[in-house]
Trainee: 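The structure is given below, and queries will be raised subsequently.
First the proteins, then the strands, lettered A, B, ... as listed; each starts at 1.
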Amino acid sequence: MQHQTIAPTPMPSGPATPSLRPALFARYRALEDLRHDYPLILVDRKADRPLLRPLSRVIDDTLKRVAPADLSGEALRSQVLRLEAGIRARIFAGREGRLSDLWREVAAEMIETSGEAPFGALDNNLETARKALPLDGMVIGCDGETPGKVLRHAWDAKQAAKAHRFRKIVDGLILKLEDILKSDHMKSDEAHGPSALASAMGETANGAIDFGALSSVLHRARPEDRLPADRVDRIRGALGVLRCQPFFGPGRASHNCAERRDPYSYTFDTCSAALDAYRERLPDVLEFTKALTVAELEVAHKYRPELHDGILASFDESDLSAEQINLLPSALVCLRDGETESAEIARSYEALACGLPITVMIQVDDLLGPTSPEPPAHSFGAGTARLATMAIGLNNAFVLQCASAHIHGMNAELERGMEYEGPALFSIFSGATPSVPDVAPYIVSAAATESRAFPSFTYDPSAGGDWAARFDLTYNPQREADWPLHRLDYEDAQGQRQSEEVAFTFADFAACDSRYARFFQPVNGEAREEAPVTVRDWMKLQRAAANFSAPAIPVIDPDARLFRVTVEGKLAEMVRRCNDAWRRLQELAGINNSHALRLLQEDRLKREQTAESTPAAETPEPVAETPVPAEAPAAAQEGAADGAPWIETPRCTTCNECVQTNSALFAYDDNKQAYIKDPDAGTYRQLVEAAESCQVSIIHPGQPRNPDEADLEELIERAAPFN
Amino acid sequence: MTATMTQCLTQLVQTDYGMTDYQSEIEPRWCTGCGDNAILTAMQRLCRDEQLPPEKTVSVSGIGCASRLPHYMNAYGFHGIHGRALPIAEGIKIRRPDLSVFVTTGDGDNCSIGAAHWLHAVRYNMNMVVMLHDNQVYGLTKKQASPTSPKGLTTNTTPFGAALNPLNPLTVTLGISNVSFVAQVVDWIPELLYEVLHMAYKHKGFSFIRILQRCPNFMDHHFDNWMQDPARTRILTHSDGLRLKPELSRVYKKQETHDPLDMPRALALAALTDEVPVGILYKNPEVPCYDELRAGERPSTPSLVETVLNEEFDKVGIWPAETAEAGR
Ligand SMILES: Cc1ncc(C[n+]2csc(CCOP(=O)(O)OP(=O)(O)O)c2C)c(N)n1
Ligand code: SF4
Ligand code: SF4
Ligand SMILES: [Mg+2]
């Protein structure tokens, strides 16, 4: 921790020096020496790999693999960390490149300056480590282009995953439809012709096989064996559309498309362009969706023209399901606050509202806006910062807001937003504010989150039905508090070490912006009646009292001298509004929820009033659940009372024994089990003999129906065991 | 997830397959009274009740009387070679997981010449139903002893009686790793035959059913002791296994509640000799299936496989023209 020397007061009067800095920034002056989330690697896509990974973590992972944890790994560790510092310096200087390329470049330079020979120890060490790199990708720094690069990278990864899924489905269908046509072709006379047979068997030069003769002994095609012509047409039609679809580039199975178009582009500069493209491409989407449905039905052999023709003919935009739309690429619109017209920002709100699969990225570079004319009276920050909070109200859009400094921290949320099947808004503050020239964008963007000027949050409609599940403020420091508190260590004029707890507030954030310098006054510059108070204490004052005092914040000058300035007029008002907005977000996230607090308070009062204990309620006896045995009514289907013959049909084993003796008397039912079809269609003898030969003894001959039949006495006796 | 459009449109298609839709043009040629008839009927009932489209159903067999079954089913069929029903069925299943695969095999087909395939098929645990028609004899070749023939049985190959104790297909199957479903049933209780077949069909994995099957032609009255004395049949019931209807419950009074996950008890039951256990001996839906483990990421058809193979070969190919060039 560095210590600052407190500035000798009084400060020179007049407007505050333009290069003020919040006092807490003092520790981050040499950012390029610090290992932090940047340089960031946009990781090449591969399953199980994160989208983003800080260079420092990749280096740590690599060292864990190749450098022994004990002293013997020390040399390698320090060499690789030096190489990392070399890459970081290049990125800070504005370079960009793939990790493997930058690695080689820095390594070569290190070897040269070391004076060691190529293939020496240093070279070997660095090469060993390079081979152990777990991943590769573009290495980027934190600047004005970062949000766009990260978002495009994430979006590309999502489209690649979509293309993979799409091809798997569409190629699979194409191949199966081709199989159906092919197996139909195999039944044709053509496929049985001499030349087809010859090519199927491979040319035999010596003519050992007479394919003409072979062909003539094969079956001729029977019309009833071939597919109906309308089915063939339908399959061909669907195949044509699937093979030539213009949404993704061709897959393996779509090589034979005669008139292939270039696949559509899905990145846009404005929402209007994205919406126009959506309209224009709709006919293709509908045609494709229908072909896909036909293909799926045909592959399952479930297409029924009488049922499905009509439904598909009338299929239009209103019938498109989210699932069908999500099979196709989604649109990416990149907007930039300050460059994009404000009307377009409003359009994007409408585009999100209509629920189309559109991903909108709004990059904010300047949160505070100009001071002239005066800071807007009824809002703080740029309109775009409000858009994210407004979009939450749409309920159907995924919303993520964060600053560049936290993109990696929220990498899982970023991925979730990309996966979300519906509109998504990413509002990202780059930190590259032109009016904050001497502070790294990384620091500015982190300060925006810290000061609650640009809180990090996500709203994920797919996460659940209520706010608790959907809204997440996790990625804000000390989110229970109005402002995060930090310890500020410094040396006073006597060289004594001092320490105090200070909040990092919206005013501290504004203090870096040169345009806002005039809203800060040295504490002793103008005579004030009240002593200066901290922003936190000032916020607690009633409005009337607050108007008579001004809050003060600690700042440093370029020589890291610490002093205090008061926050004046409109800016103080902005501080208050920022805090209001933050508290509203806290409530949405269930922190210090005003309703809940009130209920808790009432509850506590009630409990204090009713001190007497209520008698414990008696626990009811569990009702034993005794299953009633499902005894069927005994003998319900046993024995025909009138002496008619009968069979225990459910026990029949379909052995054909009885039905072969007399199929008018014995027949099979719907389950192919025997029953007495017509007791008068045969003789009593037949019944008795069937009973005797039935292996499972389930035929009951009953009493003779024809008293004139021969040998009745003997037959009745034989029938007795079966009745 | 909501139903897809294709699923909705598919539901519009009412199928109404009846028993006759699964009956081929060929009349069964089994002897009158042969238990194979009952098994065919149970299978056709299952197809009808599950409304399995004949074009999505495959019946595979080896060689034997039982193995004639695919001829009598109106579905895709493969009457294979002796002992090789299972490898054929595995090939079908891995290539066309969308088909329902039924395997019919005999005690000779499966337990002698096809025994090696049997062991590995159990271990692969691929999703199919296997019916072992066990008549304890070679029927088609007119009465030779099979591995399951009881000791002492006189046949054309054992004129002085079979010398060895029979092999027990149930204990063998239960002993193979990755076993996931083993049941036993008899052809002469059609309701239970149907129930067990139904549970086998619903089970995901290799469902092995040993069916004691009457061969009145060569083994007449062989199973009479069991058929005529219900007390010698032990019905295995469980909430996750067979549930007996009251009518059957009255006849078959010897019942045991057997948890199909209880392997030690399953082995003990399988080894019973005086009684015939009927029901689900073992059932474990958690066992991994080889066909699922090895399911490709990409769709594959013969033409695609050819394309990919050619691409691979081309990487190391020596082109005739280049060779000629180099030779000059
Ligand atoms: C490779 C080969 N060996 C032998 C035979 C002769 N053979 C035909 S069926 C059969 C035994 C069938 O017995 P089983 O499998 O029990 O069927 P069952 O006829 O009893 O239903 C044999 C040995 C053959 N067809 N092929
Ligand atoms: S003889 Fe018995 S088992 Fe065979 S078909 Fe007739 S009733 Fe059924
Ligand atoms: S010989 Fe036996 S197994 Fe074969 S059909 Fe005849 S009764 Fe059935
Ligand atoms: Mg046999």
Side-chain angles (χ1 to χ4, degrees), chain A residues 164 167-169 171-176 178-179 182 251-253 255 289 292-297 299-304 307-308 311-312 315 319-324 629-634 636-638 648 650-657 660 668 670-673 693-697, chain B residues 1-2 4-15 18-19 23 28 30-42 44-45 48 53 55-56 98 187-191 193-194 214 216 220-221 223-224 227-228 245-251 297-304 307-308:
Chain A
H164 183 77
R167 293 213 178 97
K168 198 172 156 185
I169 295 173
D171 280 13
L173 287 171
I174 291 175
L175 293 168
K176 284 178 186 162
E178 283 172 349
D179 269 4
K182 191 169 167 188
R252 268 182 187 285
H255 47 274
T289 306
L292 188 79
T293 309
V294 168
E296 284 177 335
L297 288 168
V299 163
H301 196 194
K302 291 282 187 212
Y303 195 96
R304 300 287 180 276
L307 290 173
H308 298 141
I311 295 174
L312 287 173
F315 184 84
D319 301 316
L320 275 177
S321 70
E323 198 218 350
Q324 288 165 336
E631 214 13 86
Q637 19 115 258
E638 254 167 49
E648 293 170 62
R651 292 183 57 203
C652 168
T653 67
T654 326
C655 81
N656 297 339
E657 194 85 61
Q660 277 173 5
Y668 284 136
D670 287 348
N671 284 338
K672 220 171 153 189
Q673 289 177 305
S693 58
C694 173
Q695 293 180 60
V696 281
S697 314
Chain B
M1 227 188 82
T2 49
T4 67
M5 175 164 165
T6 306
Q7 284 165 344
C8 295
L9 293 181
T10 306
Q11 268 163 23
L12 290 179
V13 181
Q14 299 281 346
T15 54
M19 290 291 276
Q23 228 143 274
W30 290 308
C31 305
T32 302
C34 174
D36 288 337
N37 289 296
I39 302 172
L40 173 67
T41 302
Q44 288 169 334
R45 271 180 72 187
R48 178 201 59 191
E55 75 273 13
K56 295 276 179 193
D98 55 319
D187 82 52
W188 55 88
I189 315 181
E191 282 199 41
L193 175 61
Y194 174 81
R214 291 161 302 153
D220 207 12
H221 302 296
F223 291 115
D224 278 6
M227 281 172 62
Q228 281 158 13
K245 289 207 183 115
E247 305 88 74
L248 276 176
S249 205
R250 276 201 305 276
V251 180
E297 257 294 286
R298 285 199 193 136
S300 85
T301 67
S303 66
L304 190 65
T307 311
V308 175

Trainee: What residues form a side-chain contact (heavy atoms from CB on, under 4.5 Å) with B:Thr41, not counting sequence neighbours?
Mentor: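 Checked B:Thr41 against side-chain contact (heavy atoms from CB on, under 4.5 Å); matches are A:Thr654, A:Lys672, B:Met19.
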Trainee: Test side chain to side chain contact (heavy atoms under 4.5 Å, CB included) on A:Lys302 and B:Thr6; report intermediate values, then the result.
Mentor: CA-CA 9 Å; A:Lys302 291 282 187 212; B:Thr6 306; over 6 Å; no
Trainee: Treating A:Glu323 as the side-chain partner and B:Thr4 as the backbone partner, does any N or O pair qualify as donor plus acceptor under 3.5 Å?
Mentor: no
Trainee: Once rounded to the nearest 0.5 Å, what's the spacing between atom CD of A:Gln695 and atom CG of B:Asp220?
Mentor: 6.5 Å
Trainee: Pick one of side chain, backbone, both or neither for B:Gln228, based on which atoms fall under 4.5 Å of a heavy atom in chain A.
Mentor: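 No part of B:Gln228 comes within 4.5 Å of chain A.
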Trainee: Could you grab the distance from atom CG of A:Leu297 to atom CD of B:Gln7, nearest 0.5 Å is fine?
Mentor: 10.5 Å
Trainee: Residues in side chain to side chain donor-acceptor pair (under 3.5 Å) with A:Ser697, at least two apart?
Mentor: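 Side chain to side chain donor-acceptor pair (under 3.5 Å) list for A:Ser697, sorted by chain: empty.
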Trainee: Search all heavy atoms of A:Pro650 against all heavy atoms of B:Pro190 and return the closest pair with its distance.
Mentor: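 Nearest heavy atoms, A:Pro650 then B:Pro190: O-CG, 3.3 Å.
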Trainee: For A:Glu648, is it the side chain, the backbone, both, or neither that has a heavy atom closer than 4.5 Å to a heavy atom of chain B?
Mentor: neither
Trainee: Write down the atom of B:Met227, the atom of A:Val696, and the distance for their closest heavy-atom approach.
Mentor: CE-CG1, 3.8 Å
Trainee: Flag the pair A:Arg304 / B:Leu12 as yes when at least one side-chain heavy-atom distance between them is below 4.5 Å, and no otherwise.
Mentor: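 No; the side chains remain at least 4.5 Å from each other.
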Trainee: Could you look at B:Ser249 and say if it's the side chain, the backbone, both or neither that has a heavy atom under 4.5 Å from chain A?
Mentor: neither
Trainee: Chain B heavy atoms under 4.5 Å from A:His301: which part of the residue, side chain, backbone, both or neither?
Mentor: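 Its backbone and side chain both get close to chain B.
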Trainee: Taking C-beta and beyond as the side chain, do A:Leu307 and B:Gln14 meet within less than 4.5 Å on heavy atoms?
Mentor: no
Trainee: With a 3.5 Å distance limit and no angle check, can you tell me whether B:Arg48 reaches the backbone of A:Asp670 through a side-chain donor-acceptor pair?
Mentor: yes
Trainee: Of the listed residues (B:Gly33, B:Ala38, B:Gly18), which shares the most heavy-atom pairs with chain A below a 4.5 Å separation?
Mentor: B:Gly33
Trainee: By a 4.5 Å heavy-atom criterion (distance strictly below it), what part of B:Glu55 contacts chain A: side chain, backbone, both, or neither?
Mentor: side chain
Trainee: Can you tell me which portion of B:Lys245 sits under 4.5 Å from chain A's heavy atoms? Options are side chain, backbone, both or neither.
Mentor: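 Contact with chain A: none, neither part.
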Trainee: Please look at A:Ser321 and chain B and tell me whether the side chain, the backbone, both or neither of the residue comes under 4.5 angstrom of a heavy atom of that chain.
Mentor: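 Contact with chain B is absent: no heavy atom of A:Ser321 under 4.5 Å.
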Trainee: Using non-hydrogen atoms only, which part of A:Cys694 is less than 4.5 Å away from chain B: side chain, backbone, both, or neither?
Mentor: neither
Trainee: Checking A:Ile174 against chain B: side chain, backbone, both or neither under 4.5 Å from a heavy atom?
Mentor: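 Neither part; nothing is under 4.5 Å.
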Trainee: Do you know the tightest heavy-atom contact between B:Leu9 and A:His308?
Mentor: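 For B:Leu9 and A:His308, the tightest heavy-atom pair comes out as O-NE2, 2.9 Å.
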Trainee: Rounded to the nearest 0.5 Å, what separation is found between the CE atom of B:Met5 and the CD1 atom of A:Ile311?
Mentor: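 Reported to 0.5 Å precision, the distance equals 7.5 Å.
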Trainee: Checking B:Leu40 against chain A: side chain, backbone, both or neither under 4.5 Å from a heavy atom?
Mentor: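 Looking at B:Leu40, just its side chain touches chain A.
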Trainee: Which bit of A:Tyr303 is near chain B, if near means a heavy-atom gap under 4.5 Å: side chain, backbone, both or neither?
Mentor: neither
